[in-house]
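Data first, discussion second: the structure below is written as structure tokens.
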Protein chains: 2
Amino acid sequence: MSTETAASRRTTYTPDSLLEVAVAVFNERGYDGTSMEDLARAAGITKSSIYHHVKGKEELLERGVNRALDALNGSLDEMEALPDAGELDRVEQAVFRAVQILVEELPYVTLLLRVRGNTEAERAAQDRRREIDRRLAGFVERAADAGALRADVDPHLASRLVFGMVNSVAEWYRPQRDLAADDVAAAVTRLVFDGLRRR
Amino acid sequence: MSTETAASRRTTYTPDSLLEVAVAVFNERGYDGTSMEDLARAAGITKSSIYHHVKGKEELLERGVNRALDALNGSLDEMEALPDAGELDRVEQAVFRAVQILVEELPYVTLLLRVRGNTEAERAAQDRRREIDRRLAGFVERAADAGALRADVDPHLASRLVFGMVNSVAEWYRPQRDLAADDVAAAVTRLVFDGLRRR
DNA sequence: TGGAACCGACCGACCGTTCGGTTTACTGTA
DNA sequence: TACAGTAAACCGAACGGTCGGTCGGTTCCA
């Protein structure tokens, strides 16, 4: 009642609620493997009705990946604005937070991680993602310069591997079935910093 | 000269040499995003000529993913046939070897990792891959039962994360530009077992 | 000279998108 | 309470184009 006239009616779509359906189908069948007919069937409306809400298939992709990119960029902004913790703590925080956001925005981040680069929108998403990877690698590099990391693994390689592990969570995580986001984030963080070996 | 009449003539395609081209294009544009016309252009022959070598697009996918699956299964067979090393050593060996094969058979493993499940061939590949994941998880579980792993991370979760890191190498590794396979494998193994933190 | 390798033309099916029109839900007026 | 007006939501039919695949040949070479 506070925000708008919406929320009373339902059964009808907004661009955002349609996006939710579309992204789910994209992740199941792949973007290129999804036809507008597939989306229409999943949404329970006809193909032509989709065009009442969005300009086309590519806009759905663009909105989907941008939601993930905005969330990831936002948390990086927050972390950089924070008073300087130790360089190692900052990396630990980045890893933990990355897992949190991946789980919170799972469908959208999943979509982003699978973008191939066939269209202009996809290449733009890849560019924005590379910028995020660069910022994360920066954290790792500063920690390495401060001598907080082991010296026998190149910081760039370490960054790729660590956030590769983080992103791999999108391959299997299911909200209902699996642990809470923070538990997964904690496990990843422990593994990344102290390894699998018993001490 | 030892194997066959081939190797003398070139400029013509065999199913395998065509596969090499096709898999490269699949990985660049995605399987569904690749048209037979794309493949023909990349191979330097016409669309219809492709059908002289293979039955169709799906056979190329099937051959591609099976090459990766056979390589992975083969190395698992080898490892299980080996005299029993310690349970921890076996996990370490599995991680190292997984990276090696991923790099050796990079295009084929990359293709496998991106399979979506839209066709029967894709679902068969997913099933075979799940079996491999199960065998790998078995190694980790046995090491955990033997008390060789840290107790505060669930072995199933640990397995997913570790081999998630391994597989993430396919996202960025380029043979010319990057380290040798064994160097990457060593880095992954170090990170997985002893972590990023300086000691 | 026979088979392997390849080609150009073409097929039906399906693609993303458009368009004209209908239904639905809500509003202001009486 | 009744109803006309309106805009959002939706639909069926069709568009031009591209898809994977077929077919009847021609070229090449051992």
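Quick note on labels: first sequence line is chain A, next is B, and so on, each numbered from 1.
Residue B:Tyr51 contributes atom OH, which lies 12 Å from atom P of D:dC19 at whole-angstrom precision. One interatomic measurement links the two molecules: CG of B:Leu61 to P of D:dG21, which rounds to 12 Å at whole-angstrom precision. We find that CZ of B:Arg41 is positioned 12 Å from P of D:dG20, with the value rounded to whole Å. Note: CD1 (B:Ile50) to C1' (D:dC23) measures 16 Å, nearest angstrom.
Side-chain contact annotation: A:Arg97 with A:Gln100, donor-acceptor N/O pair under 3.5 Å present.
By the 4.0 Å N-to-carboxylate-O rule, A:Asp133 lies close enough to A:Arg129 to be salt-bridged with it. Between A:Arg142 and A:Asp145 there is no salt bridge, since no side-chain nitrogen of the basic residue lies less than 4.0 Å from a carboxylate oxygen of the acidic one. In this structure, A:Arg90 does not pair ionically with A:Glu87, as no charged nitrogen and carboxylate oxygen lie closer than 4.0 Å.
Distance check, rounded to the nearest 0.5 Å: CG of A:Asp183 to CG of B:Leu157 gives 9.5 Å.
For the pair B:Val140 and B:Phe163, the minimum side-chain heavy-atom distance is below 4.5 Å. When side chains are defined from C-beta on, B:Leu161 counts as touching A:Trp172, because their heavy atoms get closer than 4.5 Å.
The only member of A:Arg128, A:Arg134, A:Arg135 that meets salt bridge (Lys or Arg N to Asp or Glu O under 4.0 Å) when paired with A:Glu131 is A:Arg134.
Of the residues in residues 21-39 of chain B, those lying under 4.0 Å from DNA chain D by heavy-atom distance are B:Thr34, B:Ser35, B:Met36.
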Under 4.0 Å protein heavy-atom contact, by nucleotide of nucleotides 6-11 of chain C - B base, S sugar-phosphate only: BBB---

